[in-house]
2 protein chains.
Amino acid sequence: MSVVLRPSQALRLWQLVSLAEVTGGAHDLSFRQAAILLTVYLDPPPHTVRGLASRLGVTKPVITRALDTMGAMKLVSRHRDENDRRNVLVRRTVEGALYVERFGDVIIARAAELPA
Amino acid sequence: MSVVLRPSQALRLWQLVSLAEVTGGAHDLSFRQAAILLTVYLDPPPHTVRGLASRLGVTKPVITRALDTMGAMKLVSRHRDENDRRNVLVRRTVEGALYVERFGDVIIARAAELPA
DNA sequence: CGTTTTTGTTTCGGAACCGTATCATTGAAG
DNA sequence: CTTCAATGATACGGTTCCGAAACAAAAACG
């Protein structure tokens, strides 16, 4: 039990971070896209389409399309698995790492400003 | 400075909450929609299209469309302002209040589980 | 009155995304 | 070699959303 939040703090934190992302002109990610992006960046590789679909409880086309979009945003990249060429491995990018890092900073900053 | 988070905790929290929303079959809101919804529920009324557009730094049609969608989801409702009939007042709904309350519980639960 | 300003909605072409179903490629099994 | 299974992408019809522009309704102003 390391991080303790009250209801008003939890919701206010989410509001302030969301507002910061919107007004900051960042990518307008959905919950699904955010879940995919952060899973790729926080969980140990390898990440496959099937694995991500299973982790999120959605169908494979959902992942394929999200990777299309976030690939165009340069947030992730796709590569064939040379050991089993049926697999596609989802990997991090420099731009994606910068985006995630900056996003973490936004969360921390807004959390620090929350009223007690 | 009431809530202190380290970078890995901040990002992990966002991942776990996003995953919980996706796997839980909840609405797949975008940052914009979340910012609108939480602003309506956390900031004092009245909320107008113009005010929300200004708060988020987006154009009015963006708000109109988001209200269309979230209205269909029963998360918010629209009413004419009888004092100034040019205004549309965005109000909370029972379903929306339940959704927001449950969402806050998800954040708190995931925050409590974060490794120190 | 008529004109101007304010507010919110609608329209336009184009892009993203949905769920379901199907397809292409690859690997495994007989 | 020939099925069969697994993986990911694609096709389909439909919805949502985009920014920019035009629009309708209501209020304010003269």
Side-chain angles (χ1 to χ4, degrees), chain A residues 18-19 21-37 39-40 45-91 96 99, chain B residues 18-19 21-37 39-40 45-91 96 99:
Chain A
S18 298
L19 278 171
E21 290 299 294
V22 173
T23 61
H27 306 294
D28 188 26
L29 299 181
S30 66
F31 273 117
R32 284 181 174 182
Q33 292 172 322
I36 293 171
L37 182 68
T39 296
V40 169
H47 299 287
T48 65
V49 173
R50 177 145 193 88
L52 290 169
S54 171
R55 184 92 160 94
L56 273 72
V58 298
T59 60
K60 291 186 292 179
V62 167
I63 304 297
T64 293
R65 280 187 295 254
L67 293 180
D68 287 345
T69 304
M70 292 197 292
M73 295 173 178
K74 309 276 192 189
L75 295 178
V76 296
S77 64
R78 277 188 274 208
H79 307 271
R80 275 286 162 197
D81 180 353
E82 289 304 328
N83 292 24
D84 183 343
R85 293 186 52 76
R86 289 174 300 184
N87 290 333
V88 162
L89 303 179
V90 183
R91 295 216 290 255
Y99 177 82
Chain B
S18 298
L19 278 172
E21 290 300 294
V22 173
T23 62
H27 306 295
D28 189 26
L29 299 181
S30 67
F31 273 117
R32 283 182 174 182
Q33 293 171 324
I36 293 171
L37 182 68
T39 296
V40 169
H47 300 287
T48 65
V49 173
R50 177 144 193 89
L52 290 170
S54 170
R55 184 92 159 93
L56 272 71
V58 298
T59 60
K60 291 185 293 178
V62 166
I63 304 296
T64 293
R65 281 187 294 253
L67 294 180
D68 287 345
T69 304
M70 293 198 291
M73 295 173 178
K74 309 273 191 188
L75 296 178
V76 295
S77 65
R78 277 189 273 207
H79 307 271
R80 274 288 162 196
D81 180 353
E82 289 304 329
N83 292 26
D84 183 343
R85 294 187 52 77
R86 288 173 301 183
N87 290 334
V88 162
L89 303 179
V90 183
R91 294 216 291 255
Y99 176 83

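These numbers were taken from a predicted model, which means no experiment stands behind them. In what follows, chains are A, B, ... by sequence order, proteins preceding strands, each numbered from 1.
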Heavy-atom closest pair (A:Glu21 atom, A:Tyr99 atom, distance to 0.1 Å) is OE1-OH, 3.3 Å
Separation of [N] [atom2] from [X] [atom1] (nearest whole Å):
| X | N | atom1 | atom2 | answer |
| --- | --- | --- | --- | --- |
| A:Gln33 | C:dA15 | CD | P | 17 Å |
| A:Arg65 | D:dG14 | CZ | P | 16 Å |
| A:His27 | C:dA16 | NE2 | P | 13 Å |
| A:Lys60 | C:dA21 | NZ | C1' | 12 Å |
| B:Ile63 | C:dT9 | CD1 | P | 10 Å |
| A:Leu67 | D:dA9 | CG | P | 7 Å |
| B:Leu52 | C:dT7 | CG | C1' | 13 Å |
| A:Leu56 | D:dG8 | CG | P | 14 Å |

Whichever of A:Val62 and B:Leu89 has the more 5' nearest nucleotide on DNA chain C, that residue is B:Leu89
inquiry  = Classify A:Thr48 by what it touches in the nucleic acid, base, sugar-phosphate, or nothing, heavy-atom distance under 4.0 Å.
reply    = sugar-phosphate
Practice problem: Please step through side chain to side chain contact (heavy atoms under 4.5 Å, CB included) for the pair B:Leu89 and B:Arg80, ending with a clear verdict. | Solution: CA-CA 6 Å; B:Leu89 303 179; B:Arg80 274 288 162 196; over 6 Å; no
Across all chains, not counting sequence neighbours, the salt bridge (Lys or Arg N to Asp or Glu O under 4.0 Å) partners of A:Arg85 are A:Glu82
Where DNA chain C forms runs of at least three Watson-Crick or G-U pairs (i with j, i+1 with j-1, under 3.5 Å), the stems are C:1-30 with D:1-30
Its contact letters, B for base, S for sugar-phosphate only and - for none at protein heavy atoms under 4.0 Å, make nucleotides 22-30 of chain D read ----BS---
Quick one: [atom1] on [X] to [atom2] on [Y], what's the gap to the nearest 0.5 Å?
| X | Y | atom1 | atom2 | answer |
| --- | --- | --- | --- | --- |
| B:His47 | B:Ile63 | NE2 | CD1 | 12.0 Å |
| A:Met73 | A:Asp68 | CE | CG | 11.5 Å |
| B:Leu19 | A:Thr39 | CG | OG1 | 4.5 Å |

Exercise. Assess whether one donor atom and one acceptor atom, taken from the side chain of B:Arg78 and the base of C:dG8, lie less than 3.5 Å apart.
Key: no
Please check the phosphate of C:dG19 (OP1 and OP2 only) for any side-chain N or O of A:Arg32 closer than 4.0 Å.
yes
TODO: Ignoring backbone atoms, test whether A:Asn87 places a side-chain nitrogen or oxygen under 4.0 Å from the OP1 or OP2 oxygen of D:dG8.
DONE: yes
In A:Thr48, A:Leu52, A:Ile36, the residue satisfying side-chain contact (heavy atoms from CB on, under 4.5 Å) with A:Val90 is A:Leu52
Heavy-atom nearest nucleotide on DNA chain D taken for A:Gly51 and for A:Asp28; more 5' hit belongs to A:Gly51
Closest of D:dA9, C:dG8, C:dC18 to the A:Thr64 side chain is D:dA9
Of the listed C:dT20, D:dG19, D:dG8, the closest approach to the A:Arg50 side chain comes from D:dG8
